[in-house]
Amino acid sequence: MATTEQMIGREDVNDLEAILAVANTDVDELVHNVKDNADAIFTWDYEKGRRPALNKLYEKAKSAQWNGETDLPWHLEVDQEAQVLANAENNGDMFFAGNLDLSGTEFEKWSEEQWIQLGVESQNWMLSQFMHGEQGALVCTAKIVETVPWIDAKYYASTQVMDEARHVEVFAKYLDEKLSGHYPINAHLKMLLDDIIEDSRWDMTYLGMQIMVEGLALAAFGFIHAMTEEPLLKQLLRYVMSDEARHVAFGVLSLKEYYDELTAAELRDRQEFAFEAAVRMRDRLLQQEVWERMGVDPAEAVQAVMMSPERVMFQQMLFSKIVPNCKKLGLLDAGAKEGEKGWLRERFEDIGVIQFEDWVDTGEEYLEFDAVSQDRAAAEAAEAEAAAPA
Ligand SMILES: [Fe+2]
Ligand SMILES: [Fe+2]
């Protein structure tokens with residue numbers, strides 16, 4: 001069993017100074033090498049559908065492919081500042097901090113232009129991190145194709161590789177053509193992606209990527225999709241989410257079977273990994289690079305602005321898929337003695353996210369998320385109606 005220090009590099013999970021001390025020191029690097037430490041596995045068992053749930057997911061994925069160049073309305077102009085203002089007006093302001101007492105802080109003197117600039121930078125930062133995370137998913141699923149021993153899972157994972165290529169592509173294009181700047185990868189996110197890739201055990205790739213990173217992404221995309229009125233971003237997220245829901249389902253369905261065979265000690269390793277991933281993702285949400293670019297001390301900014309009730313709720317909501325999925329996999333309470341709380345349950349209590357444990361898990365939810373098939377069915381119905389004699 002690892003100590004908190006060994007798992008996350010600090011004793012106190014909420015040690016703000018230690019969190020902010022982790023920064024990306026090589027923001028100009030163009031390539032980044034990570035050892036993936038795993039064997040590529042062939043299987044000679046080609047029986048398709050031995051795992052029916054994975055086979056169903058694979059068939060769904062084949063018919064739900066879309067084209068990032070032609071299926072999104074790229075011709076639309078995006079006025080980023082107007083979007084920041086509209087978001088602030090419609091959503092009770094994520095950053096305009098109307099309800100916070102900012103007296104005595106740097107923000108007290110901020111003009112409206114500075115708040116708008118913060119909104120613009122935050123969006124550039126957030127979508128940049130999505131793009132980097134998507135590349136992480138691309139690399140992870142390519143690794144899963146090699147390392148998972150089941151043919152149905154190799155088939156499915158190969159469709160996810162294509163999905164992730166498309167996601168990197170559309171986020172990069174949106175950043176380049178519609179927004180106003182890129183950010184390098186956040187150090188906490190980078191550490192997490194490195195840890196996932198470096199682990200030699202095939203199921204850890206799934207746990208880190210499909211359950212934790214993609215579980216958080218699915219919740220974040222859903223939140224932003226609901227919030228934004230920018231039609232291109234809304235459609236982009238709707239399509240990306242319809243893929244992501246399958247990806248998280250892939251993790252849940254694969255690991256459910258595998259974890260049933262593991263010992264308590266092996267499950268404890270998985271619990272610790274899930275906790276580490278949760279902390280890394282939570283740490284990155286402080287968006288320290290944005291504060292630096294705005295010329296504000298990150299520690300002061302985090303204390304003054306990031307603690308607003310809306311922000312705290314937003315950050316907790318991001319775990320609304322992860323926690324029920326961990327519960328479904330048995331990770332919350334694995335290893336707990338009768339009458340005791342499970343180890344991961346206690347950790348999720350510490351970081352304030354256990355309240356989601358009974359929310360719907362993502363094993364089947366992908367069927368409702370399938371925006372691509374819904375749009376195609378609607379287009380076919382409209383065509384049939386137009387062709388029918390009056
Ligand atoms: Fe993705
Ligand atoms: Fe994904």
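First listed ligand is number 1; within each ligand, the first listed atom is number 1. Quick caveat, the model's predicted, so the values are computed rather than measured. FYI, the numbering just counts along the sequence from 1.
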Between Phe250 and Tyr366 (judged by ring centroids, cut-off 6.0 Å), do the two rings come close enough to count as a pair?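 No, the ring of Phe250 stays outside the 6.0 Å limit from the ring of Tyr366, centre to centre.
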Any N/O/S of Asp163 under 2.8 Å from the Fe ion (ligand 1)?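 False for Asp163.
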N/O/S atom of Glu244 under 2.8 Å from the Fe ion (ligand 1), yes or no?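 So Glu244 does bind the Fe ion (ligand 1) by this criterion.
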Below 2.8 Å, can you find an N, O or S atom of Asp243 next to the Fe ion (ligand 2)?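 For Asp243, the answer is no, given that no N, O or S atom comes within less than 2.8 Å of the Fe ion (ligand 2).
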Applying side chain to side chain donor-acceptor pair (under 3.5 Å), name anything that partners Ser254, two or more places apart in sequence or on another chain.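 Counting only residues at least two positions away or on another chain, Ser254 forms a side chain to side chain donor-acceptor pair (under 3.5 Å) with Tyr206.
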Among the N, O or S atoms of [X], which one sits nearest to the Fe ion (ligand 1)?
X: Glu164; value: OE1
X: His167; value: ND1
X: Glu134; value: OE1

Closer than 3.5 angstrom, by distance alone: can the side chain of Lys62 be matched with the main-chain N or O of Thr159 as a donor-acceptor pair?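 Side chain of Lys62 to backbone of Thr159, a donor-acceptor pair under 3.5 Å: no, none is there.
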Between the Fe ion (ligand 2) and Glu214, which N, O or S atom of the residue is the nearest one?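 Of all N, O or S atoms in Glu214, the Fe ion (ligand 2) lies closest to OE2.
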For the Fe ion (ligand 2), which N, O or S atom of His247 is at the shortest distance?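 Of the nitrogen, oxygen and sulfur atoms in His247, the Fe ion (ligand 2) lies nearest to ND1.
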Among pairs that include at least one residue of residues 342-352, which meet salt bridge (charged side-chain N to carboxylate O under 4.0 Å, His left out), considering only residues two or more places apart or in two chains?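 Pairs touching residues 342-352 that pass the test: Asp333-Arg345, Lys341-Glu349, Arg345-Glu357, Arg347-Asp350.
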Side chain to side chain contact (heavy atoms under 4.5 Å, CB included) between Arg270 and Arg201: does it pass, once the steps are laid out? CA-CA 11 Å; Arg270 275 73 186 169; Arg201 297 159 291 187; 3.9 Å; yes
Name the one of Arg246, Gln160, His247 that satisfies side-chain hydrogen bond (donor to acceptor under 3.5 Å, both in side chains) with Gln210?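 That would be Gln160.
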